[in-house]
Each structure stands twice: as C-alpha cells, then as structure tokens.
Amino acid sequence: MKKPNDEGATPAKDEWSTRHSVLRSAQRTAALVNALNAPSALGTEEPAPAANTVISTVEAVLREYGEKAPLDVSAADVTEMRAVAALLREVFAAADTDAAAVRLNRLLAEGCGPVRLTAHGGGTPWHIHLDGHDDAPWAEWFLASSCMALAVLVWDRQRPPGGLCASPSCANVYVTGGSGTPRRYCSPRCATRERVAGHRRAKERLTEGG
C-alpha cells in the first residue's frame, strides 16, 4: 500500500489485511501490468493508448485495490511504470518455478530496497515495504510491492505465481490459483472464446475431410 487512508483513521486490522493480502497484492500487480501493457506485447503495430487514457485506467485499478485519493499519477509515472510492467511480465511468463524465482531474485536485488516496516504515520497497521520510503515514486512502489507479493506466492506455493493468457488474441497476465489444474487463460471470457474457436476449427476439419 502506497498511501495511508485519506480520512486519517486507521482501518480495522482484519479489513485492512483482507484488502492488502499477498494474493490481493499479486492480483493488483497483474491488473496493473495489463493496464500498462503496450500493443507490442502481442507483436502488433497498433499505437499505444493516449497518456490520459492510461492514467485514468491505472488510477481506476489503484482505487479498486484500495489506494486512496488523491493518486496524482502523472504521464511520467506511467512511462516509468510501463518499464516496470515489462520486467514483471517476464516473471509471469516464466516457464517454471525455478525461472520465476531467478527473475524475481534479479528484480529484488536490482530494484528493491531493504525490508522495512511502516505504518504510514499511523494511517495503517504496520506492514512490510521494500521501496525506499513511504513517498517513493509510483514506479518504485509498483516494482517493490509486486516483487514482494509474487515472491511470497512462489515461497508459499512452490509454483510460478502466474502466467500469460493462452489466447493468441490476448496479451494479459494472471495470477494462478493455489492448487488444482494449472490455469491457462486470464478470464472465463478468453477460455470460452478459445473453446468455441477450437470447436469451430474441428468442425471445419471434419467438413473438409468428409
């Protein structure tokens, strides 16, 4: 969490812990990577969205995951956060747990500060940060908080923290579940679209061979 509650009151511990759990923080990371994702992730030549559009989208994600106004995300912040998103995307793209751990170790060593505890001046319960200070730039906070959440997921689950959507028409990343069949798609919508497309291709092959 970057900023304290703007009403000046410390939220109830259970409420705060739910809103800022490791899983919730990792899901926020995926949402921000997707919001900041450039068209180049799909190998297309489409122009990137206008800066104001991306700022609005990023701020909407931050509010959804508990950050309080005023957020004041600037165009320069978006540029720096996009560079961070590209680095974090490599973690989601890791083929296995070892590769994810290696990439996270590199980011933790090169981009994160020492572990510290903060309560944001009494505005939140005490919690761990890896950025330099409570007013660190958005990009620094994004990298540090994301690396911490993804690293804890690797530690806890002993599996990659997420993946890339298997749909060729989607460039989104997602956070994996704790157990069960490995997830392949970022959303039910992508899974349904690819399932329908697969059935259509199979039907066409049967028709052509028939």
Would you call R193 and Y185 a side-chain contact if the rule is heavy atoms closer than 4.5 Å?
no
Would you find more than 12 non-hydrogen atoms of other residues, nucleotides or ligands less than 6.0 Å from R116 atom CZ?
yes
Please give me the minimum heavy-atom distance between V33 and F92, naming the atom from each residue.
CG2-CE1, 4.5 Å
Taking C-beta and beyond as the side chain, do Y65 and T29 meet within less than 4.5 Å on heavy atoms?
no
Here the pair of heavy atoms bringing C112 nearest to A144 is SG-CA, 3.7 Å
What distance separates D72 CG from D77 CG, expressed to the nearest 0.5 Å?
9.0 Å
Applying the 4.5 Å side-chain criterion to the ILVMFWY set and letting contacts propagate, would M148 and L117 be lumped into a single cluster?
yes
Looking at R183, I want to see if its CZ is surrounded by more than 12 non-hydrogen atoms of other residues, nucleotides or ligands under 6.0 Å.
yes
Counting only N and O atoms by type, is there a donor-acceptor contact under 3.5 Å from the side chain of R103 to the main-chain atoms of V91?
no
Evaluate the side-chain contact (heavy atoms from CB on, under 4.5 Å) criterion for residues V84 and E80: first the C-alpha distance (whole Å), next the side-chain angles of each, then the deciding distance (0.1 Å), finally the verdict.
CA-CA 7 Å; V84 170; E80 294 171 355; 5.9 Å; no
Calculate, to the nearest 0.5 Å, the distance between atoms CZ and OG belonging to R189 and S167 respectively.
10.5 Å
If only atom types and distance count, is the side chain of E59 paired as donor or acceptor with the main-chain N or O of V73 below 3.5 Å?
yes
Side chain proximity check, E67 to V61, heavy atoms < 4.5 angstrom:
no
Using only heavy-atom distances, determine whether the side chains of T176 and R159 contain a donor-acceptor pair under 3.5 Å.
no
Roughly how far, to the nearest 0.5 Å, is CG of L153 from OG1 of T97?
11.5 Å
Could you walk me through whether W138 and D131 satisfy the side-chain contact (heavy atoms from CB on, under 4.5 Å) test, starting with their C-alpha distance in whole Å, then the side-chain angles of each, then the deciding distance to 0.1 Å, before giving a yes or no?
CA-CA 10 Å; W138 281 110; D131 49 10; over 6 Å; no
Indicate, with yes or no, if V154 and V22 share a hydrophobic cluster defined by side-chain heavy-atom contacts under 4.5 Å among Ile, Leu, Val, Met, Phe, Trp and Tyr.
yes
Smallest separation among heavy atoms of V175 and A30, with atom names:
CG2-CB, 4.1 Å
Of all heavy-atom pairs linking L88 and C147, the shortest is CD2-SG, 4.4 Å
Between V54 and R82, is any pair of side-chain heavy atoms under 4.5 Å apart?
yes
Nearest-0.5 Å distance that lies between atom CG in L150 and atom CG in L107
9.5 Å
Output for pair (L62 CG, F142 CZ), nearest 0.5 Å, gives 9.0 Å
Rounded distance (nearest 0.5 Å) linking atom CZ of R157 with atom CG of L23
5.5 Å
Do T118 and H127 have side chains that get closer than 4.5 Å, going by heavy atoms?
yes
Would you say V115 and W126 are hydrophobically clustered, going by side-chain heavy atoms of ILVMFWY under 4.5 Å?
yes
Might you point out which heavy atoms bring A35 and V58 nearest each other, and give the distance in Å?
CB-CG2, 4.4 Å
Determine whether H120 and H129 make a side-chain contact, defined as any pair of heavy atoms from C-beta on separated by less than 4.5 Å.
yes
Is there a side-chain contact between C190 and R184 (heavy atoms, below 4.5 Å)?
no
With a 4.5 Å limit on heavy-atom distance, are the side chains of V173 and N37 in contact?
no
Ignoring hydrogens and geometry, is there a side-chain-to-backbone donor-acceptor pair from E140 to G132 under 3.5 Å?
yes
